[in-house]
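Single-structure report; data block below.
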Amino acid sequence: MELKKAPPPVSEINVTPMVDVMLVVLIIFMVITPLLSKSIPVDKALTRNPVVMADADKEDAVIVAITRDGQTFLSPGLQKIDSSNLAPAVKDLLQNRASKMVYINADARAKYSVVEDVVDNLRAGSVDEVGLLTEQTLDNARLDRVMKKGGGGL
């Protein structure tokens, strides 16, 4: 009786399982990425010559977001907060920091009285430096249209 010979080894790489795994990972990232939003969506006021505030993009920056309907959110942590409770919360956040800067990310159509109330409460919380986050526009026609409609812009 003659023994059968083993088939020769396959020297080609089978990439099908790797492609399947990569597609599953891609789908997971596509689903989860929108859920990782770290800020409140606001339409910032338009400006022609803004001052660059690089520290506002840091992960631990203290940012107060004000929406169009007057809701106030405090970051880091993105927690909804009443503007009257803002002073002690910001004071706790700034306690062990060298920079005492707080950034306001207000919607261009938010009521001025709400923004003023937030600034007053920040000043009561011993904040000396307040920065207003805006969006730079290079399109002067767009800025003129927004200004004619009564929107925010400088």
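If you're wondering where the values come from, they're calculated on a predicted model, not measured in any experiment.
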If I compare all heavy atoms of [X] with all of [Y], which pair ends up nearest, and what's the gap?
X	Y	value
Thr72	Ser83	OG1-CB, 4.4 Å
Ala124	Ala87	C-CB, 4.2 Å
Ala61	Ala56	CB-O, 3.8 Å
Ala106	Val115	CB-CG2, 4.0 Å

Can I get a per-line list of side-chain donor-acceptor pairs under 3.5 Å for residues 3-19, giving both atom names and the distance, sequence neighbours left out?
{"unit_1": "Asn14", "atom_1": "OD1", "unit_2": "Thr16", "atom_2": "N", "d": "3.4"}
{"unit_1": "Asn14", "atom_1": "OD1", "unit_2": "Thr16", "atom_2": "OG1", "d": "3.3"}

Considering residues at least two apart in sequence or located in another chain, which fulfil the side-chain hydrogen bond (donor to acceptor under 3.5 Å, both in side chains) criterion with [X]?
X	value
Asp43	Arg109
Lys111	none
Asp69	Thr67

Can you find a pair of side-chain heavy atoms, one from [X] and one from [Y], that are under 4.5 Å apart?
X	Y	answer
Val64	Val102	yes
Val118	Ile66	yes
Asn105	Phe73	no
Asp82	Leu86	no

Exercise. With distance as the sole test, does Asn121 use its side chain to make a donor-acceptor pair with the main-chain N or O of Asp117 at under 3.5 Å?
Worked result: yes
Problem set entry | Expected output: side-chain Lys100 to main-chain Leu94 donor-acceptor under 3.5 Å | yes
Seminar exercise, completed: Residue pairs passing the side chain to side chain donor-acceptor pair (under 3.5 Å) test with at least one member in residues 122-133, sequence neighbours excluded, are none
For this session: With sequence neighbours excluded, give me every salt bridge (Lys or Arg N to Asp or Glu O under 4.0 Å) pair touching residues 18-29.
Result: none
Problem set entry | Whether over 12 other heavy atoms sit under 6.0 Å from Met22 CE | no
For this session: Take Leu74 and Val62, measure what side chain to side chain contact (heavy atoms under 4.5 Å, CB included) needs, and give me the verdict at the end.
Result: CA-CA 7 Å; Leu74 180 62; Val62 179; 4.1 Å; yes
